Peer 1: 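Supplied in structure tokens, the structure appears directly below.
So you know, we letter chains A, B, ... as the sequences are listed, proteins then strands, and number each from 1. Please read all numbers here as calculations on a predicted model, not as lab measurements.
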Amino acid sequence: MEKKVVRICPVSDPGTTYFLQIAWEKDLGAGFDVVLSDGRSAWTGKVPEEDISKEAADMEMEREKYIGELKKVLLFEGGLADKYNFDISKGGVDGECLNFSYEKNLKDVSFRLGSLMLQKVSGPAEVISELISYCLDCIKGLYSKNEHLQKENERLQSDLDDVQEQLQKCVEAKEELEMELYKRFILVLNEKKAKIRSLQKSLKEVEEAVLKTTQARHEK
Amino acid sequence: MEKKVVRICPVSDPGTTYFLQIAWEKDLGAGFDVVLSDGRSAWTGKVPEEDISKEAADMEMEREKYIGELKKVLLFEGGLADKYNFDISKGGVDGECLNFSYEKNLKDVSFRLGSLMLQKVSGPAEVISELISYCLDCIKGLYSKNEHLQKENERLQSDLDDVQEQLQKCVEAKEELEMELYKRFILVLNEKKAKIRSLQKSLKEVEEAVLKTTQARHEK
Amino acid sequence: SPETKQHFACEYDCYGDSYTGDTDIAKLKEVFSRMNNFQ
């Protein structure tokens with residue numbers, strides 16, 4: 001079962017804070033349970049799947065689009081882009097019933113997204129306790145995830161530093177390799193050039209000696 | 001102001017859940033405020049700095065060590081290593097006062113860490129509302145921090161993948177460079193060796209020709 | 001012996017590379033690997 005607890009202030013009583021808990025199985029569109037509390041009393045209600053379909057049809061809105069709007073208004077998934085209002089009006093003897101409604105604000109007009117009657121709970125302490133317990137469990141889970149992400153973050157940073165160091169070393173090693181190979185090549189190549197010069201010199205000397213001898217014999 | 005809300009069950013009434021809120025400025029040892037609620041009523045109290053010092057002295061425990069124990073028992077900072085108990089006993093007319101005590105469990109003995117009288121709050125709804133609001137703010141903050149860490153982790157992972165790819169390319173480039181240089185060196189060196197072989201052949205031919213000529217003249 | 005020394009001096013340079021025999025990657029790598037602590 002999925003849950004979300006949000007804080008709302010009704011437009012007709014903006015000074016009072018209410019806590020709205022929505023609970024659903026897998027998909028909000030399949031229906032959801034509502035719990036509303038002001039920290040003293042608690043009211044509960046249900047919105048079944050058929051009511052969601054009926055509301056969307058009445059509004060001439062595609063069902064999926066309507067569910068998207070419900071998520072934005074009831075689960076605060078919309079961010080700050082759209083504006084939504086809530087209202088509460090008490091009914092019945094000693095406010096046993098509560099009419100809870102929610103609407104979307106456009107520029108100059110608001111249109112009602114939905115409403116339902118909530119029944120006052122006879123034992124609010126238990127409902128409020130469960131609500132607080134759910135919040136504490138959320139905190140614990142988030143804190144745990146936070147620690148895990150933090151550790152993961154540190155591991156990734158450490159790995160990144162290591163690989164960057166390896167890359168730096170590789171770049172330096174590549175430059176060093178090039179330098180070392182050229183140095184060695186030059187020495188070996190120069191040995192060959194020295195040998196070539198030496199042979200060329202020997203050949204020239206022999207050829208000159210033969211020429212001198214030939215010239216001397218002709219003169220003789 | 002720092003706060004922590006935890007869930008406790010008193011040993012004398014383990015079926016009832018209470019919510020304990022501890023609030024302090026910077027250092028718990030400078031004193032702290034206590035709020036206790038069962039979701040219906042709320043009780044508050046204060047533990048000033050002097051009482052902390054007195055309690056530590058009575059226990060013949062170093063003050064810092066005692067504060068450490070307080071953090072473990074009241075803020076649940078100890079993990080599962082140590083075991084702590086809480087107890088609540090109502091007092092006054094209509095349970096207006098509450099004696100709240102906390103102790104540490106060792107193998108066969110428990111020793112009391114502290115206790116205080118809490119006064120019932122006349123307007124518990126406000127206190128409970130604030131407690132729930134604080135929890136929701138914690139959730140929002142942790143969720144936001146988690147999103148930030150998640151994004152940070154994704155960025156680090158992406159950077160790590162990039163740098164690992166660069167490292168791989170560098171290693172391959174280094175191997176390719178080595179191979180290319182050797183290929184070129186070999187071509188140049190073998191050119192010089194061919195030249196050397198050619199010169200040695202020419203020199204040998206000239207020397208042989210001179211030898212033949214010299215031999216022929218001697219015979220003549 | 002001096003004769004062997006003379007023979008190798010004619011055939012190989014001071015780094016052990018043949019003056020006349022074509023080289024390849026393996027031979028050149030071996031020559032280079034012997035060339036440490038040189039100017």
Side-chain angles (χ1 to χ4, degrees), chain A residues 5-7 16-19 37-41 123-133 135-136 138-139 142-143 145-146 149-150 152-153 156-157 159-160 163-164 166-167 170-171 173-174 177-178 181-182 184-185 188-189 192-193 195-196 199-200 202-203 206-207 209-210 213-214 217, chain B residues 5-7 16-19 37-41 123-133 135-136 138-139 141-143 145-146 149-150 152-153 156-157 159-160 163-164 166-167 170-171 173-174 177-178 181-182 184-185 188-189 192-193 195-196 199-200 202-203 206-207 209-210 213 217:
Chain A
V5 177
V6 297
R7 191 169 25 202
T16 305
T17 301
Y18 285 80
F19 301 100
S37 175
D38 60 359
R40 177 190 294 109
S41 306
E126 196 183 322
V127 171
I128 291 169
S129 253
E130 266 175 31
L131 196 141
I132 301 174
S133 279
C135 290
L136 292 180
C138 273
I139 290 171
L142 284 168
Y143 193 78
K145 189 171 179 188
N146 185 290
L149 285 171
Q150 189 66 49
E152 189 67 10
N153 189 289
L156 285 168
Q157 185 64 63
D159 287 352
L160 183 61
V163 178
Q164 272 170 338
Q166 285 179 53
L167 178 61
C170 183
V171 168
K174 183 167 163 278
L177 173 77
E178 189 175 13
L181 285 179
Y182 269 115
R184 286 166 167 80
F185 171 62
V188 173
L189 183 62
K192 303 299 167 299
K193 293 185 179 198
K195 183 71 169 179
I196 288 170
L199 285 168
Q200 284 170 334
S202 299
L203 189 59
V206 168
E207 284 172 348
V210 165
T213 308
T214 310
R217 268 195 291 117
Chain B
V5 178
V6 296
R7 192 170 23 204
T16 306
T17 301
Y18 284 81
F19 301 99
S37 175
D38 59 1
R40 176 189 297 108
S41 307
E126 200 183 318
V127 171
I128 291 169
S129 255
E130 268 175 29
L131 196 141
I132 302 173
S133 279
C135 290
L136 292 179
C138 272
I139 289 170
L142 282 168
Y143 193 79
K145 189 169 183 190
N146 278 6
L149 282 171
Q150 187 67 49
E152 189 67 9
N153 282 7
L156 284 169
Q157 185 64 61
D159 287 351
L160 183 61
V163 178
Q164 272 170 338
Q166 284 180 52
L167 178 63
C170 181
V171 168
K174 185 167 161 277
L177 172 78
E178 193 180 359
L181 285 179
Y182 270 112
R184 284 159 200 214
F185 293 169
V188 172
L189 277 174
K192 299 292 175 280
K193 290 172 189 229
K195 179 79 176 173
I196 289 168
L199 285 168
Q200 282 178 337
S202 299
L203 189 60
V206 169
E207 283 171 349
V210 165
T213 309
R217 271 198 288 116

Peer 1: Inspect the surroundings of CZ in A:R7 and state if more than 12 heavy atoms from other residues, nucleotides or ligands are less than 6.0 Å away.
Peer 2: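 More than 12 heavy atoms, drawn from other residues, nucleotides or ligands, come within 6.0 Å of this atom.
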Peer 1: Which atoms form the tightest heavy-atom contact between B:I139 and A:C135, and what is the distance?
Peer 2: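 Taking every non-hydrogen atom into account, CD1-O, 3.8 Å.
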Peer 1: With sequence neighbours excluded, tell me which residues meet ring pair (Phe, Tyr, Trp, His ring centres under 6.0 Å) with A:Y18.
Peer 2: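 Here no residue qualifies.
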Peer 1: Quick check on B:R184 against chain A: is it the side chain, the backbone, both or neither that has a heavy atom closer than 4.5 Å?
Peer 2: neither
Peer 1: In terms of heavy-atom pairs under 4.5 Å, which option from A:L189, A:V188, A:L181, A:V210 contacts chain B the most?
Peer 2: A:L181
Peer 1: Mind ranking B:N146, B:L167, B:V163 by heavy-atom pairs under 4.5 Å with chain A and telling me who comes out on top?
Peer 2: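 Going by pairs under 4.5 Å, I would pick B:N146.
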Peer 1: Look at B:S41, B:C170, B:P124 and state which one has the largest set of heavy-atom pairs under 4.5 Å with chain A.
Peer 2: B:C170
Peer 1: For A:A173, which atoms come within 4.5 Å of any heavy atom of chain B: side chain, backbone, both, or neither?
Peer 2: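 Interface part for A:A173: both.
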Peer 1: Tell me which of these, B:L149, B:N153, B:L199, has more heavy-atom pairs under 4.5 Å with chain A than the rest.
Peer 2: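 When all of B:L149, B:N153, B:L199 are compared, B:N153 has the most.
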Peer 1: If I take atom CD from residue A:Q150 and atom CD from residue B:E152, how far apart are they, to the nearest 0.5 angstrom?
Peer 2: 9.5 Å
Peer 1: What's the separation between atom NZ in B:K195 and atom NZ in A:K195, rounded to the nearest 0.5 Å?
Peer 2: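 B:K195 atom NZ to A:K195 atom NZ measures 15.0 Å (nearest 0.5 Å).
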Peer 1: Under a 4.5 Å heavy-atom cut-off, does chain B meet the side chain of A:T213, its backbone, both or neither?
Peer 2: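 For A:T213, side-chain heavy atoms alone lie under 4.5 Å from chain B.
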Peer 1: For each of B:L131, B:L136, B:V206, tally heavy-atom pairs with chain A at distances under 4.5 Å, and name the one with the top tally.
Peer 2: B:L136
Peer 1: With respect to chain B, which residue among A:I128, A:V6, A:D38, A:L160 yields the maximal number of heavy-atom pairs within a distance under 4.5 Å?
Peer 2: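 If we count pairs closer than 4.5 Å to chain B, A:L160 comes out on top.
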Peer 1: Quick check on B:Y143 against chain A: is it the side chain, the backbone, both or neither that has a heavy atom closer than 4.5 Å?
Peer 2: both
Peer 1: Under a 4.5 Å heavy-atom cut-off, does chain A meet the side chain of B:L203, its backbone, both or neither?
Peer 2: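 Looking at B:L203, backbone and side chain both touch chain A.
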Peer 1: Among residues at least two apart in sequence or on other chains, which ones pass side-chain hydrogen bond (donor to acceptor under 3.5 Å, both in side chains) with A:K174?
Peer 2: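 None.
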Peer 1: Does A:E126 CD have over 12 foreign heavy atoms under 6.0 Å away?
Peer 2: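 Result for CD/A:E126: open.
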Peer 1: Taking the ring of A:F185 and the ring of B:Y182, is the distance between their centroids below 6.0 Å?
Peer 2: no
Peer 1: Taking side chain as everything from C-beta outward and backbone as N, CA, C, O, which of these in B:V171 sits under 4.5 Å from a heavy atom of chain A? Side chain, backbone, both or neither.
Peer 2: both
Peer 1: Could you tell me which of A:S37, A:S133, A:C138 has the largest number of non-hydrogen atom pairs under 4.5 Å with chain B?
Peer 2: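 Top option by heavy-atom pairs under 4.5 Å: A:S133.
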Peer 1: Sort A:L177 into side chain, backbone, both or neither according to what part of it lies under 4.5 angstrom from a heavy atom of chain B.
Peer 2: side chain
Peer 1: Side chain, backbone, both or neither: which part of A:E130 has an atom under 4.5 Å from a heavy atom of chain B?
Peer 2: neither
Peer 1: Heavy-atom distance under 4.5 Å to chain B: side chain of A:V5, backbone, both or neither?
Peer 2: both
